[in-house]
Amino acid sequence: MAYIGKVPTAVPLTSADIQDGTIALADLSATGTKDATTFLRGDNTFAEAGGGKVLQVVSTQNITDFSTSSTSFVDVTGATLTITPSSTSSKILLLCNTNTYQNTNASYFALRWERDIGGSSTAFGHGTYGQSYARAGLNNDFWGGVGMTYLDSPNTTSAITYTVQASTAGSGTMGFGINSANASNIFAIEIGA
């Protein structure tokens with residue numbers, strides 16, 4: 001292709017310009033930083049990939065065994081951790097793994113998460129049954145491993161304290177981590193949005 005006079009600064013590519021099937025980054029007229037850490041969006045802008053990245057993990061492990069006969073939710077001793085999100089758009093994935101029991105026929109136990117930011121608390125789950133619960137069919141009938149998972153959207157970069165709370169949701173005594181040799185664990189995982 002021949003030009004008379006001044007050559008234009010931007011020339012459309014033709015099939016003749018792409019002999020090997022490759023277009024170099026320098027040949028693209030999109031805006032933004034062009035390198036191996038970015039991708040070309042539909043609006044013709046290079047941007048960093050975002051979302052779904054694990055930004056940090058905080059854990060409390062080997063929590064001491066705990067029991068309660070309270071019919072309202074109480075904090076599980078030692079089952080607490082604090083995480084400070086790096087962005088207001090981050091999600092916090094909460095995980096709890098423990099052994100539990102309920103020692104009384106036809107009674108429940110319940111577990112839930114509570115979030116505290118600067119003294120303002122929010123509990124997650126049903127008011128009576130929390131987020132994870134089970135019922136004993138006979139005395140000492142329920143005994144087993146229980147997990148509890150919650151994806152929180154706290155919308156803050158302030159420090160957040162998460163605590164596991166437990167109740168009997170009825171009568172009798174429930175145990176958190178009983179006979180597990182202090183092997184209960186909780187985790188808070190920050191996920192970039």
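Since we're looking at a predicted model, the values are computed, not measured.
A donor-acceptor pair under 3.5 Å links the side-chain atoms of N185 to the main chain of N62, judged by distance alone. Judged by distance alone, with hydrogens and angles left aside, the side-chain atoms of T168 form a donor-acceptor pair with the main-chain N or O of S70 at under 3.5 Å. A distance-only check finds no donor-acceptor pair linking the side chain of S59 to the backbone of Q61 [under 3.5 Å].
Side-chain atoms of D65 and F176, non-hydrogen and from C-beta on, never get closer than 4.5 Å to each other. Inter-residue side-chain proximity for I186 and L94 is flagged as unmet; no heavy-atom pair is nearer than 4.5 Å. Considering only heavy atoms from C-beta on, L93 stays 4.5 Å or farther from K91 through its side chain.
T104 and S171 are not linked by any side-chain donor-acceptor pair at a separation below 3.5 angstrom, with hydrogens and angles left out of the test. Defined by atom type and a distance below 3.5 Å, a donor-acceptor pair is present between the side-chain atoms of E190 and S86. Counting only N and O atoms by type, the side chains of S89 and S87 include a donor and acceptor under 3.5 Å apart. With hydrogens and angles left out, the side-chain atoms of S121 and D116 include a donor and acceptor closer than 3.5 Å.
One finds the OG1 atom of T60 at 4.5 Å from the CG atom of L81 (value rounded to the nearest 0.5 Å).
Nearest heavy atom pair, residue T98 against residue S184, reads OG1-OG, 2.7 Å.
Residues satisfying the side-chain contact (heavy atoms from CB on, under 4.5 Å) test with Q131, not counting sequence neighbours, are R112, W113, F124, M148, Y150. Every residue two or more places apart in sequence or in another chain that forms a side-chain contact (heavy atoms from CB on, under 4.5 Å) with S69 is listed here: T173.
Cluster partners of Y129, using a side-chain heavy-atom cutoff of under 4.5 Å among ILVMFWY residues and allowing indirect links, are Y108, Y133.
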Next on the checklist: Let's go through D152 and Y162 carefully: what are the C-alpha distance in whole Å and the side-chain angles of both, what is the deciding distance for side chain to side chain donor-acceptor pair (under 3.5 Å) to 0.1 Å, and is it a yes or a no?
Outcome noted: CA-CA 11 Å; D152 191 20; Y162 291 101; 2.6 Å; yes
